Participant: 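Once you've had a glance at the structure underneath, I'll fire off some questions.
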Amino acid sequence: CNTTPNCTAYNDVTFMTNPNSFVVVGDRPTGQIEVWDVAASCDRPQLTFTHDNHSRVRQNCVARHPARNEILATGSSEGSVSIWDLRKGDTPFVKMQEAHAGDVWSLRFHTQDPGTIVSVGEDGNAFRWSYVGAGEKTPERFTHSPLFGRASQQIVGNHGSPANSVDIDGMTDAVAVAYDMGVIVC
């Protein structure tokens with residue numbers, strides 16, 4: 001990578017259930033999402049996906065679904081949260097445009113309720129997202145219930161700086177958010 005002028009860094013990585021497989025995201029010349037299986041090859045990824053028909057949107061973060069190894073969530077530089085099925089190609093099957101006003105820096109699936117995702121971003125907000133599906137015939141979508149307003153519930157407000165990292169405890173629903181200015185909110 002150091003000798004290739006158009007090569008950029010990876011932004012996040014997560015292991016799949018197989019310890020030889022992992023997913024990385026970034027703004028790479030070959031694609032923004034790469035699935036690697038080091039047992040098969042250390043030289044190139046097994047799968048490469050781009051975002052929005054080969055646009056140059058940078059993927060900042062990735063999370064693996066806790067029960068379905070083929071499902072990933074990503075957060076992007078355009079503020080979107082997307083859910084991908086690795087079996088189905090380059091297009092996310094769920095996408096919330098403008099989930100955040102700026103970059104999405106971190107997201108996690110809830111381990112006990114995988115239909116729930118938490119995300120944080122440059123705008124300093126933390127949101128809890130819910131999505132539902134009706135199987136293979138109907139694409140999954142984010143909920144738009146009055147309870148969640150814009151398909152989300154703001155769980156932590158802006159603390160005057162970007163929110164960089166989030167985690168959610170699957171047993172207690174406790175959320176921890178880390179901010180630029182050295183603030184941690186639980």
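Just so you know, these numbers come straight off a predicted model, no measurement behind them. Computed from heavy atoms alone, side chains included, the values below leave out hydrogens, waters and symmetry copies.
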Participant: Please work out whether the ring planes of W129 and H100 are parallel, tilted or perpendicular, with thresholds of 30° and 60°.
Facilitator: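 Ring orientation of W129 relative to H100: perpendicular.
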
Participant: For the atom pair CD1 (I71) and NZ (K88), what is the distance rounded to the nearest 0.5 Å?
Facilitator: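 Nearest 0.5 Å value for the CD1-NZ distance: 8.0 Å.
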
Participant: Using every non-hydrogen atom in the two residues, find where S161 and Y179 come nearest and quote the distance to one decimal.
Facilitator: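 Result for this residue pair: O-CD2, 3.4 Å.
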
Participant: Between E34 and T48, is the side-chain contact (heavy atoms from CB on, under 4.5 Å) condition met? List the steps.
Facilitator: CA-CA 5 Å; E34 296 177 354; T48 301; 4.2 Å; yes

Participant: Are the side chains of Q59 and L72 in touch, meaning some heavy atoms are under 4.5 Å apart?
Facilitator: no

Participant: Closest approach of W105 and C61, non-hydrogen atoms and distance?
Facilitator: O-CB, 3.5 Å

Participant: Heavy atoms, side chains only, cut-off 4.5 Å: are V81 and F127 in contact?
Facilitator: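 No - every pair of side-chain heavy atoms lies 4.5 Å or more apart.
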
Participant: Taking it one step at a time, do M16 and L86 satisfy side-chain contact (heavy atoms from CB on, under 4.5 Å)?
Facilitator: CA-CA 12 Å; M16 305 302 279; L86 297 177; 3.7 Å; yes

Participant: Hey, what do you get for CZ (R44) to CD (Q46), rounding to the nearest 0.5 Å?
Facilitator: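 Rounded to the nearest 0.5 Å, the CZ-CD separation comes to 6.0 Å.
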
Participant: Is Q112 close to D173 at the side-chain level, that is, under 4.5 Å between some pair of heavy atoms?
Facilitator: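 They are not in contact (no side-chain heavy atoms under 4.5 Å apart), so the answer is no.
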
Participant: Listed by chain and number, what are the side chain to side chain contact (heavy atoms under 4.5 Å, CB included) partners of A101, not counting sequence neighbours?
Facilitator: D123

Participant: Do the side chains of V23 and R64 get nearer than 4.5 Å, heavy atoms only?
Facilitator: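 Side chain of R64 against side chain of V23, heavy atoms only: no contact under 4.5 Å found.
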
Participant: Going by salt bridge (charged side-chain N to carboxylate O under 4.0 Å, His left out), name the residues that satisfy it together with D103, two or more places apart in sequence or in a different chain.
Facilitator: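 Expected list: R58.
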
Participant: Give, for atom NE2 of H65 and atom OG1 of T14, the distance between the pair rounded to the nearest 0.5 Å.
Facilitator: 13.0 Å

Participant: How many angstroms lie between atom CZ of R108 and atom OG of S165, to the nearest 0.5 angstrom?
Facilitator: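 It is 5.5 Å, given to the nearest 0.5 Å.
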
Participant: Can you name the nearest heavy-atom pair linking V120 to A126, along with the distance?
Facilitator: CG1-CB, 3.6 Å

Participant: Using every non-hydrogen atom in the two residues, find where A39 and N20 come nearest and quote the distance to one decimal.
Facilitator: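 Closest heavy-atom pair between A39 and N20: CB-ND2, 3.8 Å.
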
Participant: Checking the side chain of S82 only, and the main-chain atoms of T74 only, is there a donor and an acceptor separated by less than 3.5 Å?
Facilitator: no

Participant: Heavy atoms, side chains only, cut-off 4.5 Å: are V175 and R128 in contact?
Facilitator: yes

Participant: Heavy atoms only: give me the nearest G75-L107 pair and the separation to one decimal.
Facilitator: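 Of all heavy-atom pairs spanning G75 and L107, the closest is N-CD2, 3.5 Å.
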
Participant: Roughly how far apart are L47 CG and W36 CH2, rounded to 0.5 Å?
Facilitator: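 L47 atom CG to W36 atom CH2 measures 12.0 Å (nearest 0.5 Å).
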
Participant: Any heavy-atom pair between the side chains of E78 and Q97 that's under 4.5 Å?
Facilitator: yes

Participant: I need the D180 CG to N164 CG distance, nearest 0.5 Å.
Facilitator: 4.5 Å

Participant: Considering all heavy atoms of both residues, which atom of S119 and which atom of V104 are nearest to each other, and what is their separation?
Facilitator: CB-CG1, 4.3 Å

Participant: Can you find a heavy atom in the side chain of P45 that is under 4.5 Å from one in the side chain of V35?
Facilitator: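 With C-beta onward as the side chain, the pair stays apart.
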
